[in-house]
*Asks:* 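Mind having a look at this structure? Questions to follow.
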Amino acid sequence: MAIQKPEGTEDLLPVDERFYRHFVDTAARVFGRYGYEPIETPLFEQTELFVRGIGESTDVVGKEMFTAISGNNLKTLLDGGKIRSKSRLSLRPEGTAGVVRAIAQHGLAPQGGAPAKLMYAGPMFRAERPQKGRLREFHQVGVECIGADAPSIDAEGIIMLMRFYEEIGLPRENMRLLINSMGDEACRPAYRESVRSYIMEHASDMCEDCQRRADINPLRAFDCKEEGCSAIMANAPKIPDALCDSCKSHYEQVKAYLDAAGIEYIEDPTLVRGLDYYTRTVFEIQVDIEGMGSQSAIGGGGRYDGLMKEVSGKEAPGFGFAIGYERCKIALEAAGVEVASQKQTDLFIACVDDSTRAAGFMLAQQCRDAGLAVEIDHQNRSLKSQFKLADKLGAAKVAVLGPDEAANRQVSLRDMATHEQQPVAFDELVSAVRA
RNA sequence: GUGGAUAUGGCCUAGUUGGUUAGGGCGCCAGAUUGUGGCUCUGGAGGUCGAGAGUUCGAAUCUCUCUAUCCACCCCA
């Protein structure tokens with residue numbers, strides 16, 4: 001049996017790779033206008049980072065992390081031994097924790113200094129059952145801003161994200177921006193407790209999942225799709241009523257900035273993110289296009305003012321979001337947006353017979369050294385099929401090299417679009433192709 | 001983790017109640033006179049019908065097991 005790719009992974013083929021780079025480049029360009037600079041952190045971190053940062057009770061940490069382990073340590077574990085905590089490693093299930101760790105470790109957000117604004121792009125890993133828009137290895141582009149607690153940072157980030165979608169070509173009419181505030185450590189615990197006890201009161205009428213959620217993460221009950229549960233949760237205590245004054249004020253200001261920027265949004269008091277570190281502002285971008293599948297969230301994020309302390313022991317407010325690459329791609333394709341860019345071949349060198357192949361080879365090399373994308377036949381094809389190949393490669397020009405041309409140190413340069421063909425000296429070839 | 005579906009040459013697929021050399025389309029390769037592409041025409045190569053076992057005179061087709069993929073739940077981007 002041939003070996004296949006692991007479950008839930010995708011090969012980015014050349015055509016996919018071109019688009020992926022376009023996607024990342026577009027993000028870098030847009031985010032760069034807002035002061036975000038690229039960073040790359042390890043694909044794996046100490047497991048402890050994710051456990052503390054994302055939260056032990058979350059599904060992501062509780063059951064979806066891939067453990068990375070060396071062969072020796074695996075043996076030790078299988079033999080019933082223990083390994084040091086720094087050897088307990090996990091593939092990153094999301095990007096925020098690692099970036100925040102790096103910021104803390106390198107002092108990129110010194111106290112009182114300007115906020116650190118960083119962006120990342122790369123693969124994330126979650127051991128879920130794959131389906132449309134959900135892979136075990138998937139790609140995210142995201143940003144993190146550490147060190148500023150002003151609501152303008154939240155608004156700026158959300159606006160920036162919407163600008164990115166605009167630039168990549170997603171139709172605004174198919175997207176909706178949901179926002180909410182989850183409160184902070186001053187008001188969320190009490191609110192959380194009130195929801196928990198509300199669920200407990202109605203537990204007998206709710207699904208098993210929600211009863212389980214009551215203790216683990218009661219706010220997630222708002223997301224339940226069971227009709228009975230959503231009816232009950234409709235009357236549950238709402239976050240906006242429970243926010244403390246400073247959270248309320250922060251939320252109002254974020255909305256005011258968005259209003260001023262003309263960004264349309266939907267306030268959704270039931271929007272809760274599944275990662276524990278979120279505080280105050282949370283948001284999510286959903287798309288609604290035929291063929292999208294059931295994974296409609298293409299981006300999401302929010303404020304996480306407590307994460308830095310959890311990771312490094314030092315206080316620093318944070319804000320960030322992540323964009324799901326694969327889901328965006330599905331959305332773009334569903335919206336009929338052309339996403340693949342064409343391969344570029346400037347010149348194809350066609351050799352009429354074997355006597356000119358050596359000269360053709362050298363000529364191709366010289367043109368490449370001068371910066372042209374050049375292809376040449378390596379299968380001893382006939383001249384006719386070399387032309388077919390050139391056509392398939394999308395070559396703009398073909399240089400025909402036969403005994404006649406070679407004798408004069410020339411090629412017959414054909415423009416594939418206009419069909420015009422004229423003799424060009426070897427030395428003039430590069431400039432003639434560029435013309 | 002739970003549930004449903006699917007698995008036929010590089011890709012998409014036909015295959016009726018099990019019955020001769022598994023059919024088609026795309027793609028690929030080669031030709032259509034002398035050194036030239038995209039269209040058309042002609043010809044050609046390429047398949048142990050996901051793997052293994054079973055039923056049968058006979059299995060792509062029926063049964064079982066396994067594997068993989070897709071879709072949905074859950075959860076998240």
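Naming convention: chains lettered A, B, ... in sequence-line order (proteins, then strands); numbering from 1 in each chain.
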*Asks:* Considering every strand and a 4.0 Å limit on heavy-atom distances, what is the contact class for A:D404: base, sugar-phosphate, or nothing?
*Replies:*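 It contacts base atoms.
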*Asks:* If you count heavy atoms of other groups shown closer than 6.0 angstrom to CD of A:Q365, is the number above 12?
*Replies:*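 Yes, the 6.0 Å shell around CD holds more than 12 heavy atoms from other groups.
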*Asks:* Using heavy-atom distances to pick each residue's nearest nucleotide on RNA chain B, tell me which of A:T418 and A:K132 is more 5'.
*Replies:*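 Taking each residue's closest nucleotide, the earlier one in sequence belongs to A:T418.
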*Asks:* With a 4.0 Å cut-off on heavy atoms, is A:Q295 in touch with a base, just the backbone sugar-phosphate, or nothing at all?
*Replies:*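 Base contact.
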*Asks:* Taking the six-membered ring for Trp and the single ring otherwise, decide whether the centroids of A:F164 and A:F23 are under 6.0 Å apart.
*Replies:*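 That pair passes the under 6.0 Å test.
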*Asks:* Do the non-hydrogen side-chain atoms of A:Y257 and A:I158 ever get within less than 4.5 Å of each other?
*Replies:*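 They are not in side-chain contact.
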*Asks:* NZ of A:K63 versus P of B:C73: gap in Å, rounded?
*Replies:*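 These atoms are roughly 14 Å apart.
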*Asks:* Tell me: CZ of A:R327 to C1' of B:A77, nearest whole Å?
*Replies:*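 Going from A:R327 (CZ) to B:A77 (C1'), I get 5 Å.
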*Asks:* If we take the C1' atom in both B:C71 and B:C29, what is their distance in whole Å?
*Replies:*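 The same atom, C1', in both gives a distance of 38 Å.
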*Asks:* Take the protein atom NE2 of A:H139 and the nucleotide atom C1' of B:A77, then report the distance between them rounded to whole Å.
*Replies:*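 The answer, rounded to whole Å, is 13 Å.
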*Asks:* For A:E201, does the CD atom have more than 12 heavy-atom neighbours from other residues, nucleotides or ligands under 6.0 Å away?
*Replies:*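 For A:E201, atom CD is crowded (more than 12 foreign heavy atoms under 6.0 Å).
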*Asks:* What is the distance from CZ of A:R92 to C1' of B:A77, rounded to the nearest Å?
*Replies:*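 Whole-Å distance recorded here is 13 Å.
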*Asks:* What contact category does A:Q386 fall into here, base, sugar-phosphate, or nothing, at under 4.0 angstrom with non-hydrogen atoms?
*Replies:*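 It contacts nothing in the nucleic acid.
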*Asks:* Rounded to the nearest angstrom, tell me the gap between atom NZ in A:K392 and atom P in B:U36.
*Replies:*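 In whole Å, B:U36 P lies 17 Å from A:K392 NZ.
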*Asks:* Taking the P atom of each, how far is B:A77 from B:C39, in whole Å?
*Replies:*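 Rounded to whole Å, the distance is 47 Å.
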*Asks:* Would you mind telling me which of A:K132, A:R134, A:Q131 makes a side chain to side chain donor-acceptor pair (under 3.5 Å) with A:S294?
*Replies:*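 Going through A:K132, A:R134, A:Q131 one by one, the side chain to side chain donor-acceptor pair (under 3.5 Å) with A:S294 is satisfied by A:Q131 alone.
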*Asks:* Mind calculating the distance between CZ (A:R129) and P (B:A68) to the nearest angstrom?
*Replies:*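 So the CZ-P distance, A:R129 to B:A68, works out to 10 Å.
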*Asks:* How would you label the contact of A:A390 with the nucleic acid (heavy atoms, under 4.0 Å): base, sugar-phosphate, or nothing?
*Replies:*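 The residue A:A390 makes no contact with any strand.
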*Asks:* Has A:Q131 got a side-chain N or O lying under 4.0 Å from the OP1 or OP2 atom of B:C71?
*Replies:*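 No, because none of the side-chain N or O atoms of A:Q131 sits under 4.0 Å from OP1 or OP2 of B:C71.
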*Asks:* Is A:Y325 stacked against the base of B:A77, taking the criterion as centroid distance under 5.5 angstrom and interplanar angle under 30°?
*Replies:*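 Ring-base stacking flag not set for A:Y325 and B:A77.
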*Asks:* Check every atom of B:U36, B:C75, B:G37 against the side chain of A:E64 and return the nucleotide holding the closest atom.
*Replies:*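 My answer, after comparing the listed nucleotides, is B:C75.
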*Asks:* Measure from NZ on A:K329 to P on B:A77 and round the result to the nearest Å.
*Replies:*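 For the pair A:K329 NZ and B:A77 P, the rounded distance is 21 Å.
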*Asks:* Within less than 4.0 Å of OP1 or OP2 of B:G37, is there a side-chain N or O belonging to A:K384?
*Replies:*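 A:K384 to B:G37 OP1/OP2: side-chain N or O found under 4.0 Å.
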